[in-house]
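All residue numbers refer to positions in the sequence shown, counting from 1.
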Amino acid sequence: MLRQASRMLGRSIRQQPRMMARAFATDVPATSTADENFIEAWKKVAPIIDPPNTPSAFMKPRPPTPSTIPSKLTVNFVLPYSSELSAKEVDMVIAPATTGQMGVLPGHVPTIAEMKPGILSVHEGTEVTKYFVSSGFLFIHANSVADIVAIEAVPIDQIDPAAVQKGLAEFTQKVNSASTDLEKAEAQIGVDVHSALNAALTA
């Protein structure tokens, strides 16, 4: 029945006039017109089944862009299993973007940047905290908030140089002995990450 309701709902929505482009998702309240239309269409074709939540039901409106540039950059730095920084006010962040080292200050233009393996440094006054990140994304908002999402990250001072050298040698050997394209690609990822780790330690 759920599958049938989904097909009927799809036809119902396609028959409605195409809507104008909506505002950015985090700029609008959670109860948007599009969501209301979806719920109404759902109730018509599946009245006994509760409608599913849409993404906007879980999103909070983004704080408004300030009229003046704030003195601090607010940073949220998260991993799949933990939160390293939450609403931390700092002076600057330097991230290893795929296009090169990227410095972020308060008032930075809104940007989405992909990160490559390298050093992420967080500057707070004279104190600098450095992390090695394997990859991820950096989201810079117009309100001087930077969201950093990394697959893996570790403080530089917790990295074992001997383990890095050993891993680099092992993955280099795997690249040379790989018998398939998949094995070679997987080994090359290991070489790239350990090479970046080695460069971070010797910088």
Side-chain angles (χ1 to χ4, degrees), residues 19-36 38 52-159 164 189-190 192-197 199-201 203:
M19 296 180 61
M20 298 295 290
R22 61 183 296 185
F24 190 74
T26 52
D27 289 334
V28 297
T31 55
S32 65
T33 302
D35 288 351
E36 292 171 359
F38 172 82
N53 288 322
T54 60
S56 58
F58 302 97
M59 301 176 73
K60 297 179 180 178
R62 188 171 59 194
T65 302
S67 57
T68 59
I69 296 176
S71 61
K72 296 288 185 178
L73 176 71
T74 302
V75 176
N76 300 302
F77 179 23
V78 296
L79 307 175
Y81 52 84
S82 69
S83 174
E84 293 293 324
L85 300 174
S86 178
K88 179 76 171 178
E89 292 190 342
V90 303
D91 296 309
M92 178 176 65
V93 167
I94 300 178
T98 54
T99 54
Q101 291 296 101
M102 182 176 181
V104 182
L105 295 165
H108 195 287
V109 64
T111 306
I112 298 176
E114 182 181 1
M115 295 191 297
K116 63 182 180 180
I119 297 176
L120 172 76
S121 57
V122 180
H123 298 250
E124 187 178 3
T126 58
E127 182 180 346
V128 180
T129 305
K130 295 184 177 181
Y131 301 86
F132 179 84
V133 295
S134 62
S135 61
F137 286 91
L138 171 63
F139 302 88
I140 307 169
H141 306 287
N143 56 356
S144 294
V145 173
D147 295 324
I148 304 169
V149 182
I151 302 301
E152 185 62 78
V154 61
I156 288 292
D157 57 8
Q158 295 182 15
I159 299 175
V164 172
I189 292 172
D192 293 345
V193 172
H194 283 80
S195 296
L197 276 165
L201 292 173

From [atom1] ([X]) to [atom2] ([Y]), nearest 0.5 Å:
X    : Y    : atom1 : atom2 : answer
I189 : H194 : CD1   : NE2   : 12.5 Å
Q101 : I94  : CD    : CD1   : 7.0 Å
D157 : K130 : CG    : NZ    : 11.0 Å
L120 : T129 : CG    : OG1   : 9.5 Å
L197 : D192 : CG    : CG    : 11.0 Å

Of all residues at least two apart in sequence or in a different chain, which pass the side-chain contact (heavy atoms from CB on, under 4.5 Å) check with [X]?
X    : answer
I151 : S134, S135
N76  : S86, A87, V145, D147
S82  : L79, E84
K72  : E89, D91

### Message
Going by side-chain hydrogen bond (donor to acceptor under 3.5 Å, both in side chains), name the residues that satisfy it together with H108, two or more places apart in sequence or in a different chain.
### Response
none
## Note on the structure
Taken in chain and number order and not counting sequence neighbours, the residues that satisfy side-chain hydrogen bond (donor to acceptor under 3.5 Å, both in side chains) with T74 are none
#### Entry: Any residue meeting salt bridge (charged side-chain N to carboxylate O under 4.0 Å, His left out) with K88, in chain and number order, not counting sequence neighbours
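Salt bridge (charged side-chain N to carboxylate O under 4.0 Å, His left out) list for K88, sorted by chain: E124.
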Minimum-distance pair of heavy atoms, taken over all atoms of [X] and [Y]:
X    : Y    : answer
A97  : K116 : O-CE, 3.4 Å
P117 : F132 : CB-CZ, 4.0 Å
F137 : M115 : N-CE, 3.9 Å
L73  : V104 : CD2-O, 3.6 Å
P70  : P106 : O-CB, 3.2 Å

### Task
Could you check I140, I148, L85 and say which one makes a side chain to side chain contact (heavy atoms under 4.5 Å, CB included) with V93?
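When side chain to side chain contact (heavy atoms under 4.5 Å, CB included) is applied between V93 and each of I140, I148, L85, only I148 qualifies.
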### Summary
With sequence neighbours left out, the residues meeting ring-ring contact (aromatic ring centres under 6.0 Å, His included) with H123 are none
### Message
I need the full list of ring-ring contact (aromatic ring centres under 6.0 Å, His included) pairs touching residues 69-104, with sequence neighbours left out, sorted by first then second residue.
### Response
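Only F77-Y131 qualify under ring-ring contact (aromatic ring centres under 6.0 Å, His included).
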